[in-house]
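Note that these values count all heavy atoms, side chains included, but never hydrogens, waters or copies made by symmetry.
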Amino acid sequence: MSTLKIKVCGITDINQAIALEAMGVDFIGFIFYPSSKRYVFNKLNAVDLKNFNSPHTRKVGVFVNEPVESIVQMVINTGLDMIQLHGDEEPEYYIQLRKKLLEASLEQVDLIKVFRVGDKMPQLDPFNDIADFYLFDTDSKLYGGTGAHFNWELLKGNTIGKAYFLSGGIGPNDLGGIEVMKQTKAGKDLFALDINSQFEIAPGIKNIEKIKSFIDALV
């Protein structure tokens with residue numbers, strides 16, 4: 001059994017969420033960005049999400065440049081455990097969001113800062129004290145997942161200093177590369193793999209057996 005945790009993102013079918021939870025997946029991501037092909041409210045509603053509860057699987061809401069108040073209300077309406085910020089949110093935004101969460105007695109909700117990695121390593125320092133986790137994904141002109149890799153070599157020699165999710169087109173062919181990454185300086189803080197498009201039958205619909213085989217193959 002791998003020590004790495006698994007996040008499956010872009011879920012739009014509550015029965016698939018239940019199946020992944022039963023499989024032991026650690027995090028399930030729901031996308032609250034209307035322009036996404038995997039926008040959760042195209043298929044599900046807030047009650048569906050609120051009623052999906054698990055003692056060991058955390059619900060992650062993915063947002064892009066959403067007003068702070070809207071996110072807090074969505075957490076209340078759907079019972080999210082974590083907030084993943086995938087847009088251009090500045091450090092001050094995180095401070096305001098944390099404040100509003102505290103005011104709503106939602107201090108247990110974690111914040112994930114997404115860094116979209118292009119041709120150089122992003123600046124992590126401004127977010128060290130205000131994000132609970134980092135997530136590294138592939139940069140693109142559009143927000144959200146691309147299904148493509150970024151250059152993991154940019155990470156490998158760095159001390160990240162915070163638990164992070166590795167994302168960006170991860171699929172079954174990456175098992176060897178993941179093992180290599182775990183042995184690097186950055187690998188010391190590698191916390192979870194974030195998988196999505198490489199395990200889909202159609203946008204938002206996952207191949208559950210393929211996911212299970214991938215998890216079983218992780219060392």
Under 3.5 Å donor-acceptor, Ser213 side chain and Lys210 backbone: no

Flag, side chain of Asp26 to backbone of Lys7, donor-acceptor distance under 3.5 Å: no

Under 3.5 Å: donor-acceptor pair, side chain of Arg98, backbone of Glu107: no

Side-chain donor or acceptor of Tyr33 paired with backbone N/O of Gly87 under 3.5 Å: no

Polar side-chain atom of Lys59 near backbone of Thr78 as donor-acceptor pair, under 3.5 Å: yes

Spacing of CE belonging to Met23 relative to CD1 belonging to Ile208, to within rounding of 0.5 Å: 5.0 Å

Parallel, tilted or perpendicular: ring planes of Phe52 versus Phe30, cut at 30 and 60 degrees: perpendicular

Salt bridge present between Lys212 and Glu209 (N-O < 4.0 angstrom): no

Electrostatic pair Lys120:Asp139 at N-O distance under 4.0 angstrom: no

Parallel, tilted or perpendicular: ring planes of Trp152 versus His149, cut at 30 and 60 degrees: tilted

Geometric class of the Tyr134/Phe115 ring pair [parallel <30°, tilted 30-60°, perpendicular >60°]: perpendicular

Test item: Arg116 side-chain N/O and His86 main-chain N/O as donor-acceptor pair under 3.5 Å: yes

pair Gln16-Ile205: side-chain heavy atoms closer than 4.5 Å: yes

Short side-chain to backbone donor-acceptor contact, Lys37 and Gly204, under 3.5 Å: no

Polar side chain donor-acceptor pair, Gln96 to Glu92, under 3.5 angstrom: yes

Main-chain N/O of Gly161 paired to Thr159 side chain as donor or acceptor, under 3.5 Å: no

